[in-house]
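Working notes for the structure below.
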2 protein chains.
Amino acid sequence: MELKTLKTFQAIVNTGSFNRAAEELNYAQSTITMQIQKLEAELGMSLLERGKQQVSLTEAGRLLYEQSLRIVKDMELLESRLGELTAGEAGNLRLGATDPTASYRLPALLREFMTMHPGIDISVDIGSTPALTERLLKGELDMILCSVPEMGKGLHYEPLFTEKFVLLLPEDHPLAAEPQVTASQLREHRLLITAAGCPYRKKLESVLQESAGPPLNTMEIGSMSALKYYVQSGLGMALVPESTLTPLPIGTIGKRLQDGPVDMSCGIACRTADYPLQLAALSLYQFLKSELAEQPNVQTVNY
Amino acid sequence: MELKTLKTFQAIVNTGSFNRAAEELNYAQSTITMQIQKLEAELGMSLLERGKQQVSLTEAGRLLYEQSLRIVKDMELLESRLGELTAGEAGNLRLGATDPTASYRLPALLREFMTMHPGIDISVDIGSTPALTERLLKGELDMILCSVPEMGKGLHYEPLFTEKFVLLLPEDHPLAAEPQVTASQLREHRLLITAAGCPYRKKLESVLQESAGPPLNTMEIGSMSALKYYVQSGLGMALVPESTLTPLPIGTIGKRLQDGPVDMSCGIACRTADYPLQLAALSLYQFLKSELAEQPNVQTVNY
DNA sequence: GCTATGATTCAATTATGTTGAACTGTAAGG
DNA sequence: CCTTACAGTTCAACATAATTGAATCATAGC
């Protein structure tokens, strides 16, 4: 099976006629016949039902048509990407990320990437998952790192890693001495949490509610990164992403919850509309994916 | 760019040598050289760095290699599927589904599919989303229809439609007279719900909690399909999937909630490991997708 | 220097794709 | 019933492109 044969076949299906396909592809009519005959002989089955007025697909033909569409399209995409390479890989990429990822994981990664690809300019926006998703769909961002987005909106999403939450305590906190801390014990002490918009807050609340009812004694702090300074000052305890704790702030202790481990999935998303990405975007996508992915690949979700 | 050229190129990269590639593909050494030269000329860039001891890839070569892998694999898969077609499409498919989908949407669809494909045997299992997901991953199921599964487990998932929930009331229920019913009003009456395991129950609870706090007056009924009979008997009201209400049971009234529309996404999943599906599975997958999808659905892409 | 290895060049050969012109079969119009 | 128009097929001739062996070049290891 040659590629040009597939293209010819597709042209026949699209135009519904050998003649028009020949015209479209600048072939003689007979060439079309020959190509299809050769293809049918090779596969040992007929692909096109030659009706009086127009051709129609057999079962096999339909299968071939549908599957070959993708192959031909991939091929064209590959060619265009190779073209972009000669033109010098360049572009502006607008990346979005949720906060702990943006502050703790991205900086080093982006430095590495931008050294490897000096032609690519990158900007980073920070926001909540729903806000980022919306901006991505509006076309204001090209790619976002976030937790599982809302569904059904033309998004391509792939989970990359899981952010584990650790209970951060002042050294002199009553719970610091306990060998094991469970979710139910959290109700008895002041818990520092982020403002309501943050996706972490939402997840955190739902997990806490499941295992121990809503926490009673809370204090809202504006940002995730500020939380640990409040813990350090002894104002209370907080559940914070493990990744933000290297190094552990002086005077604090990190503890994993025993019963209800709190964690949330984090992944990468872009618009399905342009999912077969342009070269610059593809490079960044693959780079982030390979650097951030925890497990040998994973799950694809198309919304 | 011809397919055989790509295969040759891949063989060189895999073996690290023009000679070994020639051997592997039963070509003369010179043929390999010519093919690559032609390819490089066509693309106007060099793909392979001819080192003293072994060849290495240029930037463009790496791109070509990675992308072409998929194209060649897709091509081979297509050929094998066409082969299966001649051999007579057949197989046993084990499908899983969550309850309202399995009971209300699937029967007619499966009858149609099985008439079209008499060689394919299908079994249907019913369960909760997490249970189905687990069985899918264990290899006990081939494909499942469910709500958004837990992430990061080697699943391929595509959302298909949204199940809207409608408040079903006995005709003589106090709320039946109200022109508009809001989520907060639900607290004042007995709400029939399914057992805790059911994914619908979970979603339902979380939505109700968001908008109106936990419902106080509930009654648990074993299955989704039983719910409406209890409503019919005047035991209380229930939020049930809209799809289960054709026809509306006699003596009941369906109302959409005004403030918090309750709905949940439903999609199709299979293992990523064998995502490029065998023919029988592919047929069913595409059939279910096209029959159940609400929105113009986007094609799945794997990198 | 010599030999083994791996890649390239080139003219000769082979295979393959392409084409026009003639041919078949069908549908529509008088 | 014949004609015209259209669609696809056949086939021999032609054009193009792929493949090859033998010779050549370049390098690494001895």
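Predicted model only: the values in this text are computed from it and were never measured. Residue numbering restarts at 1 for every chain, and letters A, B, ... go by the order of the sequence lines.
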Practice item. Kindly write out the residues that satisfy side chain to side chain donor-acceptor pair (under 3.5 Å) with B:Thr244, not counting sequence neighbours, or none if the list is empty. Key: none
Review point. A:Asp121: what forms a salt bridge (charged side-chain N to carboxylate O under 4.0 Å, His left out) with it, not counting sequence neighbours?
Key: none
Practice item. Please list residues of residues 38-49 of chain A whose heavy atoms come under 4.0 Å from any atom in DNA chain C, ordered by number; otherwise none. Key: A:Lys38
Practice item. Would you please name every residue forming a ring-ring contact (aromatic ring centres under 6.0 Å, His included) with A:Phe113, sequence neighbours left out? Key: A:His117, A:Phe287
Practice item. Would you please name every residue forming a side chain to side chain contact (heavy atoms under 4.5 Å, CB included) with B:Thr33, sequence neighbours left out? Key: B:Phe18, B:Gln37
Review point. Residues in ring-ring contact (aromatic ring centres under 6.0 Å, His included) with A:Tyr65, at least two apart?
Key: none
Review point. Once you round it to whole Å, what is the distance between P of D:dA5 and CZ of A:Arg20?
Key: 18 Å
Check your understanding: Going 5' to 3' on DNA chain C, which nucleotide is the first and which the last to come under 4.0 Å of a heavy atom in chain B?
Key -> C:dG6 to C:dT9
Review point. Considering only heavy atoms, which members of residues 7-14 of chain A lie under 4.0 Å from some atom of DNA chain C?
Key: none
Revision key, fill the gap. With B for base contact, S for sugar-phosphate-only contact and - for none (protein heavy atoms under 4.0 Å), nucleotides 20-30 of chain D reads BB-----SS--
Point to revise | Under the side chain to side chain donor-acceptor pair (under 3.5 Å) test, residues paired with A:Gln10 that sit two or more places apart | key: A:Ser68
Review point. Just how far, in rounded Å, is P of D:dA5 from CG of A:Asn19?
Key: 15 Å
**Study point:** Pairing residues for A:Ala281 by the side chain to side chain contact (heavy atoms under 4.5 Å, CB included) criterion, not counting sequence neighbours
**Key:** A:Leu93, A:Met143, A:Leu277
**Study point:** Those residues that, when tested against A:Tyr27, pass side chain to side chain donor-acceptor pair (under 3.5 Å) (two or more places apart)
**Key:** none
